[in-house]
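Please read the structure below before turning to the comments.
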Amino acid sequence: MRVFKFGGASVKDANGVRNVLKLLETVGHKNTLIVVSAMGKTTNALEVVLDKYLNKGSYKKELETVKRYHQEIMIDLFKNPQHDVFNKVEELFQELLQFFKSNKSPNYNFLYDQVIGYGELVSSTIISHYLNNNSLNNKWLDIRQCIKTDDYYRNANVNWEATQRIISNLVDASTLYITQGFIGSDTNNFTTTLGREGSDYTAAIFAYCLNADSVTIWKDVPGVLNGDPRYFNNTQLLNTISYTEAIELAFYGASVIHPKTLQPLKRKEIPLHVKSFLNPENLGTTVNKSQGIEPNVPCFILKQNQVLLSLSTLDFSYVVEENISEIFNLLALYKMKVVVIQNSAISFSVCFENTYNNLEKLLLHLKAKFKVECHENVSLYTIRHYNDEAIKNLEQDKTVLLKQLFQETVQIVTQ
């Protein structure tokens with residue numbers, strides 16, 4: 001069985017959905033399970049809806065905009081205004097409205113997961129009906145009944161034993177399935193999410209549980225490039241990448257492959273293909289058990305909106321194990337994702353992501369014991385397989401706040 005994943009850019013409008021049908025007719029659709037993301041920028045739009053709801057704003061108006069966006073796509077795809085898909089999608093929006101009306105929880109992370117997942121539920125419903133309407137018979141799966149997780153909302157951990165058992169019993173390899181990426185459910189059947197860009201991870205979870213032959217992620221790029229073309233010039237296609245190298249790139253923040261996606265695939269040596277939905281017959285990039293990358297060129301990764309803290313003790317004593325342990329305990333307490341650390345005898349620097357907006361609380365805690373210098377909205381550049389020319393070109397016209405070199409990797413924090 002194969003697992004395909006289509007991201008939001010691939011299904012952002014009616015032509016994108018039509019292209020999914022054309023692609024499946026081109027590359028085949030037998031023994032295939034399809035994971036789809038929310039259409040276009042729907043996740044961002046639902047975040048605005050949630051923000052309006054929490055701040056007593058006009059969330060219904062914002063939600064109506066989201067609904068109208070999907071209705072326009074359906075009107076373009078389904079010429080019959082009485083098609084059942086319109087009722088199914090309306091039911092989902094009414095379900096979300098009812099949740100807002102009945103909710104009593106003040107927990108933002110819980111609310112986020114209950115709201116955001118509707119983007120995937122709506123998109124998969126539209127795509128499933130469209131394929132059925134064009135003689136590609138398929139079965140729609142509610143992913144929340146398949147992937148079971150803990151209740152760590154917005155970044156849930158998979159219960160692999162329960163998920164394996166459910167998927168093995170539920171999925172028939174001879175059927176074409178359409179399901180949602182990014183979401184699951186906890187033991188109380190509340191919706192959970194697997195982290196932003198978690199749809200790739202969903203595809204890997206299914207592949208692992210089904211012993212799939214391969215996973216293909218369909219993107220608007222020709223494959224995995226050696227840098228994001230939005231930020232780097234003259235990028236090159238990587239033909240093959242080893243699991244180990246891909247995990248390294250994902251760890252440092254390469255956006256084409258989700259960091260969690262690769263581990264389950266590597267355990268069963270399931271190849272991952274990253275291909276263009278615009279040119280589906282091109283080879284793209286394959287991630288497998290090969291060595292290194294081909295071609296062997298520097299790979300550039302950018303992570304924006306990071307925070308850099310430089311700490312030193314108030315009495316100029318050494319920053320030793322006890323201090324470092326306390327710092328990391330606080331970083332964990334406030335859910336900061338650390339990406340770079342550097343220390344000397346009397347100072348300690350750390351670069352991290354302030355995902356949960358707890359920076360002010362962290363700073364108050366740290367300033368009780370340390371002298372703290374804080375730089376917000378810094379950029380972290382990582383170069384794998386660097387050379388002197390690559391570093392020189394990257395640093396040009398930038399203020400370097402921190403630089404760290406290893407055998408294969410250099411990381412540079414800039415203002």
Side-chain angles (χ1 to χ4, degrees), residues 4-25 29 32-50 52-53 58-103 113-146 175-183 185 191 193 199 202 218 277:
F4 285 176
K5 180 260 176 174
F6 290 92
S10 66
V11 292
K12 66 182 180 181
D13 53 27
N15 285 334
V17 177
R18 292 189 185 97
N19 189 61
V20 171
L21 172 64
K22 181 181 177 182
L23 184 152
L24 293 172
E25 291 173 340
H29 51 82
T32 303
L33 184 142
I34 298 173
V35 175
V36 297
S37 299
M39 291 177 158
K41 301 296 184 181
T42 298
T43 299
N44 293 340
L46 287 173
E47 287 175 344
V48 173
V49 172
L50 179 57
K52 294 286 187 182
Y53 169 76
S58 54
Y59 75 91
K60 290 182 181 179
K61 180 180 177 181
E62 294 293 340
L63 186 59
E64 188 64 30
T65 301
V66 177
K67 184 166 77 170
R68 189 161 55 249
Y69 164 69
H70 289 89
Q71 285 175 333
E72 289 172 358
I73 291 174
M74 289 189 291
I75 290 169
D76 197 340
L77 292 172
F78 302 92
K79 303 310 177 186
N80 176 11
Q82 304 303 316
H83 195 286
D84 189 46
V85 68
F86 290 93
N87 291 330
K88 294 291 185 182
V89 169
E90 178 63 25
E91 287 172 8
L92 289 169
F93 279 104
Q94 289 301 319
E95 189 178 293
L96 179 52
L97 271 173
Q98 185 56 43
F99 170 77
F100 281 128
K101 291 177 183 177
S102 61
N103 169 65
D113 281 8
Q114 308 321 301
V115 172
I116 298 302
Y118 277 90
E120 278 72 16
L121 292 168
V122 171
S123 68
S124 60
T125 297
I126 294 171
I127 293 166
S128 175
H129 279 80
Y130 180 73
L131 295 182
N132 276 325
N133 208 46
N134 287 273
S135 302
L136 244 65
N137 296 328
N138 67 87
K139 184 174 182 180
W140 184 88
L141 278 181
D142 187 336
I143 196 72
R144 296 170 297 181
Q145 297 176 6
C146 302
T175 303
L176 174 64
Y177 291 94
I178 311 293
T179 193
Q180 309 81 42
F182 181 51
I183 59 178
S185 68
T191 304
T193 62
S199 294
T202 302
W218 297 98
F277 59 75

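Remember, it's a predicted structure, so these values are computed and weren't measured experimentally.
Put simply, the side chain of Asn138 never gets that close to the backbone of Ile178: no donor and acceptor are under 3.5 Å apart. Side-chain atoms of Thr179 do not come within 3.5 Å of backbone N or O of Val35 as any donor-acceptor pair. Side chain of Gln114 to main chain of Asn103: no donor-acceptor pair is present (N/O by atom type, distance under 3.5 Å, no hydrogens or angles). Without hydrogens or angle criteria, Ser10 side chain to Gly7 main chain gives a donor-acceptor distance under 3.5 Å. With Thr202 contributing its side chain and Phe182 its backbone, the two residues share a donor-acceptor pair below 3.5 Å. Although no hydrogens or angles enter the test, the distance criterion places no donor-acceptor pair under 3.5 Å between the side chain of Glu120 and the main chain of Val36. Between the Asp76 side chain and the Ala14 main chain, no donor and acceptor come within less than 3.5 Å of each other. For the pair Thr125 (side chain) and Leu121 (backbone), a donor-acceptor distance under 3.5 Å is present. In this structure, the side chain of His70 engages the main chain of Val66 through a donor-acceptor pair within 3.5 Å.
With contacts defined as side-chain heavy-atom distances shorter than 4.5 Å, the pair Arg18/Leu21 does not qualify. Between Ile34 and Ile127, every side-chain heavy-atom pair lies at or beyond the 4.5 Å cut-off. Considering only heavy atoms from C-beta on, Leu141 stays 4.5 Å or farther from Gln180 through its side chain. Taking 4.5 Å as the limit, every side-chain heavy atom of Phe93 sits out of range of all side-chain heavy atoms of Leu97. Within the 4.5 Å cutoff, no side-chain heavy atoms of Trp140 are placed close to those of Asn132. By the 4.5 Å heavy-atom criterion applied to side chains, Leu33 and Leu176 are not counted as neighbours. Leu23 is listed as a side-chain neighbour of Phe6, based on a closest heavy-atom distance under 4.5 Å. Within the 4.5 Å cutoff, the side chain of Ile73 has no heavy atoms near those of the Lys12 side chain.
Ring-plane geometry between Tyr130 and Phe78 is classed as perpendicular, the angle between the planes exceeding 60 degrees on a 0 to 90 degree scale with a lower cut at 30. By the 30° and 60° cut-offs, the orientation of the rings of Tyr59 relative to Tyr53 is perpendicular.
Arg68 CZ to Ile75 CD1: the interatomic distance, rounded to the nearest 0.5 Å, is 11.0 Å. Atom CG in Leu77 sits 12.0 Å away from atom CD in Glu72 (nearest 0.5 Å). For the atom pair CD1 of Ile183 and OG of Ser124, the computed distance is 7.5 Å after rounding to the nearest 0.5 Å. To the nearest 0.5 Å, atoms CD1 (Ile143) and OH (Tyr177) are separated by 12.5 Å. Separating the CG atom in Leu50 from the CD atom in Glu62 is a distance of 12.0 Å, to the nearest 0.5 Å.
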Walk me through it: do Leu96 and Val49 pass the test side-chain contact (heavy atoms from CB on, under 4.5 Å)?
CA-CA 11 Å; Leu96 179 52; Val49 172; 5.7 Å; no
Pair Ser199, Ser37 - check side-chain hydrogen bond (donor to acceptor under 3.5 Å, both in side chains), show working.
CA-CA 6 Å; Ser199 294; Ser37 299; 3.0 Å; yes
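The two residues Val89 and Val122 have their closest heavy-atom pair at CG1-CG1, 4.0 Å. Closest of all the heavy-atom pairs between Ser123 and Met39 is CB-CG, 3.6 Å. Nearest heavy-atom pair, Gly119 versus Thr42, reported as atom, atom and distance to 0.1 Å: CA-CG2, 3.9 Å.
Contacts of Glu91 classified as salt bridge (charged side-chain N to carboxylate O under 4.0 Å, His left out), with partners at least two apart in sequence or in another chain: none. Every salt bridge (charged side-chain N to carboxylate O under 4.0 Å, His left out) that Glu90 has, sequence neighbours left out, goes to Lys67. In this structure, Tyr118 has no ring pair (Phe, Tyr, Trp, His ring centres under 6.0 Å) partners at least two apart in sequence or on a different chain. Shown here are the ring pair (Phe, Tyr, Trp, His ring centres under 6.0 Å) partners of Phe99, two or more places apart in sequence or in another chain: there are none. For Phe86, the ring pair (Phe, Tyr, Trp, His ring centres under 6.0 Å) criterion is met by no residue, not counting sequence neighbours. Legend: residues meeting salt bridge (charged side-chain N to carboxylate O under 4.0 Å, His left out) with Asp84, ordered by chain and number and at least two apart, are absent.
For the 3.5 Å distance criterion, the side chains of Thr191 and Asp113 fail to qualify, holding no donor opposite an acceptor.
A 6.0 Å sphere centred on NZ of Lys61 holds no more than 12 heavy atoms belonging to other residues, nucleotides or ligands.
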